[in-house]
Amino acid sequence: LADLHTRTANTDAATEHLERFVCDARSPALRKYLPDAHTKLMGLAQARGDRFAELFHRGAGLLELLTELDADPERDADWCEEVLCKALRALADAKALKPTDPRARLALAAAYARSGNAKGAAAERAAARTNAGLGVLTAAGHARLGLE
């Protein structure tokens, strides 16, 4: 449905459907489509000049790609490290644009945890918890923060 809205230039509806998919896709069968969904959201954000959303979806999409690659025993560890660095940079830049956005903080916490920076991950989770009441986190996001 999001692709149809994109082809008919209804970018607001396309964004809404893709965002809903990203929030709801937690089963392994659907998770494999998350990198593509984030890439599409990044492109839609670029088209409307939303730098925060562009950076957030770039970083989140790269993290999802790394999760997908974890299952591949033949993956190139150096390339994966480079992708992680790009995800960290995009998410840090997104956080700088909207420091109170808990989604950016939560994604950055995941990237820090993946890189072995436990203190950075804990700090970002704490900041996300502090800002969780701002209405942008999904139920899954609240659950990850222990705020169900």
Side-chain angles (χ1 to χ4, degrees), residues 1-72 75-115 117 120-121 123-145 147:
L1 190 53
D3 287 336
L4 178 63
H5 283 299
T6 301
R7 281 187 237 132
T8 60
N10 189 351
T11 57
D12 290 341
T15 299
E16 180 182 335
H17 285 286
L18 283 166
E19 289 279 5
R20 190 175 305 153
F21 174 78
V22 166
C23 292
D24 294 341
R26 296 296 157 219
S27 73
L30 294 176
R31 284 192 69 100
K32 67 181 180 181
Y33 298 105
L34 286 173
D36 187 49
H38 280 293
T39 300
K40 289 176 182 179
L41 284 163
M42 183 183 73
L44 290 166
Q46 279 178 321
R48 70 176 180 275
D50 184 345
R51 186 76 174 135
F52 168 79
E54 176 188 346
L55 290 166
F56 171 73
H57 288 294
R58 175 178 289 133
L62 290 171
L63 284 178
E64 291 295 342
L65 176 64
L66 287 171
T67 300
E68 189 177 306
L69 290 172
D70 285 342
D72 181 4
R75 73 181 180 282
D76 181 343
D78 291 335
W79 185 77
C80 288
E81 185 176 344
E82 184 179 333
V83 171
L84 178 58
C85 288
K86 288 179 180 183
L88 279 163
R89 182 59 192 199
L91 292 167
D93 288 348
K95 180 187 93 168
L97 291 173
K98 286 190 180 180
T100 60
D101 190 296
R103 296 170 306 161
R105 297 281 190 152
L106 202 51
L108 190 54
Y112 280 146
R114 187 174 178 98
S115 71
N117 183 348
E124 292 303 331
R125 276 192 297 278
R129 233 181 260 103
T130 299
N131 297 316
L134 298 177
V136 295
L137 275 182
T138 63
H142 278 92
R144 279 184 292 199
L145 292 173
L147 302 173

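Sequential numbering from 1 along the given sequence is applied to the chain's residues. Heavy atoms only: backbone and side chains are in, while hydrogens, waters and symmetry mates are out.
- Every residue two or more places apart in sequence or in another chain that forms a side-chain hydrogen bond (donor to acceptor under 3.5 Å, both in side chains) with Asp70 is listed here: Arg114.
- Residue Lys95 holds its NZ atom at 11.0 Å from CG of Leu88, rounded to the nearest 0.5 Å.
- Comment: Arg105 does not engage Asp101 in a salt bridge, judged by the lack of any side-chain N to carboxylate O separation of less than 4.0 angstrom.
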| message | Run the side-chain contact (heavy atoms from CB on, under 4.5 Å) test on Leu63 and Leu91 for me, step by step, so that the C-alpha distance in whole Å, both residues' side-chain angles and the decisive distance to 0.1 Å come before the verdict. | response | CA-CA 10 Å; Leu63 284 178; Leu91 292 167; 3.7 Å; yes
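- Using a 4.5 Å cut-off on side-chain heavy atoms (C-beta onward), Phe52 and Arg103 make contact.
- Residues Tyr112 and Ser115 come closest through the heavy atom pair O-OG, 2.8 Å.
- Not counting sequence neighbours, Arg75 has no partner by the side-chain hydrogen bond (donor to acceptor under 3.5 Å, both in side chains) test.
- With sequence neighbours excluded, no residue forms a side-chain hydrogen bond (donor to acceptor under 3.5 Å, both in side chains) with Lys98.
- With sequence neighbours left out, the side-chain contact (heavy atoms from CB on, under 4.5 Å) criterion links Arg51 to Glu54, Leu55, Arg58, Leu97.
- Every residue two or more places apart in sequence or in another chain that forms a side-chain contact (heavy atoms from CB on, under 4.5 Å) with Ala53 is listed here: Ala45, Arg48, Asp50, His57.
- Closest of all the heavy-atom pairs between Ala121 and Ala113 is CB-N, 3.7 Å.
- Taking each heavy atom of Ala90 and Gly59 in turn, the nearest pair found is CB-N, 3.8 Å.
- From Thr100, atom OG1 reaches atom CG of Asn131 across 5.5 Å, with rounding to the nearest 0.5 Å.
- The side-chain hydrogen bond (donor to acceptor under 3.5 Å, both in side chains) search around Asp36 returns Lys40, not counting sequence neighbours.
- Under the salt bridge (charged side-chain N to carboxylate O under 4.0 Å, His left out) criterion, Glu81 pairs with no residue, sequence neighbours left out.
- Under the 4.5 Å side-chain criterion, counting only non-hydrogen atoms from C-beta, Phe21 is in contact with Leu30.
- Judged as a side-chain contact (heavy atoms from CB on, under 4.5 Å), and not counting sequence neighbours, the contacts of Lys32 are Glu68.
- Distance check: Cys80 SG to Leu62 CG gives 11.0 Å after rounding to the nearest 0.5 Å.
- Remark: Phe56 CZ to Leu108 CG distance equals 10.5 Å, nearest 0.5 Å.
- No side-chain heavy atom of Leu69 sits less than 4.5 Å from a side-chain heavy atom of Val83.
- Atom NZ in Lys86 sits 11.5 Å away from atom CG in Leu66 (nearest 0.5 Å).
- Annotation: salt bridge (charged side-chain N to carboxylate O under 4.0 Å, His left out) contacts of Glu19 (sequence neighbours excluded): none.
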